[in-house]
Amino acid sequence: MSEQPVGVVGAGTMGQGIAQVLVTSSFSVKLYDVADDQLGRAQQAIDKGLGKLVAKEKLTESDKTSALARLDTTTALDALRGCEIIIEAAPEQPALKEKLFRDLSHLSHDAILASNTSSLSLTRLAAVCERPERVVGMHFFNPVPVLKLVEVIRAEQTSDATVARIERLAGDLGKTAVAIADSPGFAVNRLLVPMINEAAFLLQEGAASAADIDASMKLGAAHPMGPLALGDLIGLDVCLAIMEVLQEGFGDPKYRPCPLLKRMVAAGYLGRKSGRGFHVYE
C-alpha cells in the first residue's frame with residue numbers, strides 16, 4: 001500500500017463516501033472542495049458514517065479516531081500535489097471536469113487521475129491532460145460504504161499499468177472492480193437509468209401510482225428498491241443528466257428523457273436531497 005495520500009476532489013455525497021472508505025481502509029486522504037462549509041458537512045457526515053460502523057461493532061472507537069485522523073480537508077487544489085492517485089467526484093458538468101483535469105494534470109504530473117463520473121467520456125477527459133495514459137474512470141456507487149461495485153473505465157489513452165493500479169486500489173477498499181469500455185453510461189447506468197426513466201413515463205401516463213410502480217418491481221422482480229425510489233436516492237438531476245448523455249452519445253430516441261423527469265428537475269424536486277422527488281421525504 002502506498003504511503004502517499006489519496007486526493008479526493010469534491011466533498012459532496014460521493015466524495016464523502018469515497019473519503020470514508022479510504023480512511024477506513026488505512027489510506028490518508030486529502031479532501032478538496034471549493035467551499036469550507038461543504039467540507040465541514042463532509043467531515044460531519046464521515047464522522048456519522050464511522051459512528052454507525054462502531055455501533056454495528058465493525059469498527060472500534062480507536063479505529064474511528066485513527067480513521068478521522070487520516071482525513072485532511074482543504075480548499076487549496078495545490079494541497080493535492082504529491083498524491084499518487086487523485087479521485088475526482090465533482091458535479092457531472094463536462095466543462096467543470098475538463099478544467100479540473102487540466103489543472104490537476106499540471107499540478108501532479110505523475111499522479112493517476114481517476115474520475116468518478118457516472119456517464120461522461122473518459123477519453124474526452126484524458127485528451128486535456130499532459131499524461132492521458134494516467135487517466136481512468138473509477139465509478140463508485142451510492143452509498144459508497146455499502147455498495148461493493150467499482151466500474152473501472154479505460155479511456156482510449158489509458159495504460160494497462162493505470163488500470164491495474166486502480167483495480168488494486170479497489171481491492172484494497174474491499175470493492176469488486178469490473179472492467180468497462182468507455183461507452184456512454186458505461187454498464188450499470190446504461191441499464192439502470194433508462195429503467196428509472198421508463199418508470200417516470202408510466203407515472204406520467206397515469207398507468208400506476210409511484211408507490212405501486214415501486215411495489216411492482218420490488219415484489220415482481222425482486223428488486224430491493226423500486227425504480228422511482230431509487231431515482232430519488234440517486235438524485236433526479238443526476239438521472240436526467242445521464243439520460244441526456246445517453247441520448248447525445250447514441251442518438252437513439254429510446255433514450256429520450258421523460259418530460260415529467262425534466263419538469264421535476266426544473267422545479268427543484270430532486271429526490272431525497274431536496275426532500276421531494278417521486279416520493280416525499282421528511
Side-chain angles (χ1 to χ4, degrees), residues 1-35 38-39 42-43 46 67 70-141 144 150-155 157-173 175 177 182:
M1 186 179 296
S2 172
E3 294 182 0
Q4 293 174 279
V6 176
V8 178
V9 174
T13 299
M14 295 303 294
Q16 294 167 15
I18 294 167
Q20 180 179 319
V21 298
L22 283 163
V23 296
T24 306
S25 302
S26 300
F27 287 89
S28 295
V29 173
K30 291 186 178 294
L31 177 60
Y32 163 84
D33 199 279
V34 294
Q38 184 60 49
L39 288 170
Q43 286 179 304
I46 293 168
R70 288 191 286 272
L71 177 66
D72 183 24
T73 62
T74 181
T75 55
L77 198 65
D78 190 67
L80 303 186
R81 190 185 302 273
C83 292
E84 179 202 6
I85 297 170
I86 300 174
I87 304 171
E88 171 272 317
E92 288 287 276
Q93 299 170 14
L96 171 62
K97 288 185 185 286
E98 286 179 22
K99 182 180 187 307
L100 277 170
F101 269 70
R102 191 178 292 110
D103 292 345
L104 290 168
S105 178
H106 294 319
L107 178 71
S108 297
H109 186 69
D110 292 326
I112 290 176
L113 305 181
S115 178
N116 182 60
T117 179
S118 57
S119 60
L120 299 178
S121 169
L122 271 301
T123 298
R124 179 172 167 180
L125 287 177
V128 305
C129 295
E130 292 180 1
R131 297 192 65 183
E133 74 278 4
R134 298 182 73 79
V135 174
V136 67
M138 191 178 191
H139 182 210
F140 293 83
F141 292 83
V144 178
V150 172
E151 289 182 320
V152 178
I153 300 99
R154 180 193 291 266
Q157 306 95 319
T158 308
S159 69
D160 291 342
T162 297
V163 170
R165 181 66 186 93
I166 292 302
E167 289 179 339
R168 190 163 76 252
L169 174 60
D172 290 339
L173 300 180
K175 305 297 185 185
D182 188 16

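Along the sequence shown, the residues carry numbers beginning at 1.
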Peer 1: Could you tell me whether the side chain of N116 and the main chain of F140 form a donor-acceptor pair under 3.5 Å?
Peer 2: yes

Peer 1: Quick one: does any side-chain atom of T74 pair with a main-chain N or O of A79 as donor and acceptor, under 3.5 Å?
Peer 2: no

Peer 1: So I112 and I166, side chain to side chain contact (heavy atoms under 4.5 Å, CB included) or not? Walk me through it.
Peer 2: CA-CA 9 Å; I112 290 176; I166 292 302; 3.9 Å; yes

Peer 1: Closer than 3.5 angstrom, by distance alone: can the side chain of E88 be matched with the main-chain N or O of A90 as a donor-acceptor pair?
Peer 2: yes

Peer 1: Could you check F141 against M14 for side chain to side chain contact (heavy atoms under 4.5 Å, CB included), going step by step and ending with a plain yes or no?
Peer 2: CA-CA 8 Å; F141 292 83; M14 295 303 294; 5.7 Å; no

Peer 1: Using only atom types and a distance under 3.5 Å, with no angle test, would you say the side chain of R134 pairs donor to acceptor with the backbone of D110?
Peer 2: yes

Peer 1: Kindly give the heavy-atom pair with the smallest separation between V135 and C129, and that separation in Å.
Peer 2: CG2-SG, 3.8 Å

Peer 1: Taking only Lys NZ, Arg NE, NH1 and NH2, and the carboxylate oxygens of Asp or Glu, determine whether K99 and D103 approach each other closer than 4.0 Å.
Peer 2: yes

Peer 1: How close do R81 and S108 get, heavy atom to heavy atom, and via which atoms?
Peer 2: CA-OG, 3.6 Å

Peer 1: Heavy atoms only: give me the nearest M138-A114 pair and the separation to one decimal.
Peer 2: CB-CB, 3.9 Å

Peer 1: Measuring from E130:CD to S105:OG, what's the distance to the nearest 0.5 Å?
Peer 2: 4.0 Å

Peer 1: A side-chain contact here means heavy atoms from C-beta on lying under 4.5 Å apart; do P94 and R124 qualify?
Peer 2: yes

Peer 1: Who are the side-chain contact (heavy atoms from CB on, under 4.5 Å) partners of Q38, not counting sequence neighbours?
Peer 2: A11, Q16, D33, A35, R41

Peer 1: Please name all residues satisfying side-chain contact (heavy atoms from CB on, under 4.5 Å) with A155, sequence neighbours left out, ordered by chain then number.
Peer 2: L122, T123, A126, Q157, T158

Peer 1: Does Q43 form a side chain to side chain contact (heavy atoms under 4.5 Å, CB included) with T73? I'd like the steps, not just the answer.
Peer 2: CA-CA 8 Å; Q43 286 179 304; T73 62; 3.8 Å; yes

Peer 1: Evaluate side chain to side chain contact (heavy atoms under 4.5 Å, CB included) for L120 paired with L125, printing each intermediate quantity in order.
Peer 2: CA-CA 8 Å; L120 299 178; L125 287 177; 5.5 Å; no

Peer 1: So, for E167 and V152, which heavy atoms are closest and what is the spacing to 0.1 Å?
Peer 2: CG-CG2, 4.2 Å

Peer 1: I153 and D182: which non-hydrogen atoms are nearest, and at how many Å?
Peer 2: CG2-CA, 3.7 Å

Peer 1: Would a 4.5 Å heavy-atom cut-off, applied to side chains only, mark Y32 and L77 as touching?
Peer 2: yes

Peer 1: Just by distance, do the side chain of S159 and the backbone of T162 share a donor-acceptor pair under 3.5 Å?
Peer 2: yes

Peer 1: Has K175 got a side-chain atom pairing as donor or acceptor with V144's backbone, closer than 3.5 angstrom?
Peer 2: yes

Peer 1: Going from CG on L169 to CZ on F27, what distance comes out if it is rounded to the nearest 0.5 angstrom?
Peer 2: 5.0 Å

Peer 1: For E92, check salt bridge (charged side-chain N to carboxylate O under 4.0 Å, His left out) against everything at least two apart and list the hits.
Peer 2: K97

Peer 1: Quick check on side chain to side chain contact (heavy atoms under 4.5 Å, CB included): which of L22, L80, L173 does V6 satisfy it with?
Peer 2: L22

Peer 1: Can you name the closest pair of heavy atoms from A42 and L31 and give their distance?
Peer 2: CB-CD2, 3.9 Å

Peer 1: First locate atom CD1 of I87, then atom CG of L113, and finally report the distance between them rounded to the nearest 0.5 Å.
Peer 2: 11.0 Å

Peer 1: Determine whether V29 and R70 make a side-chain contact, defined as any pair of heavy atoms from C-beta on separated by less than 4.5 Å.
Peer 2: no

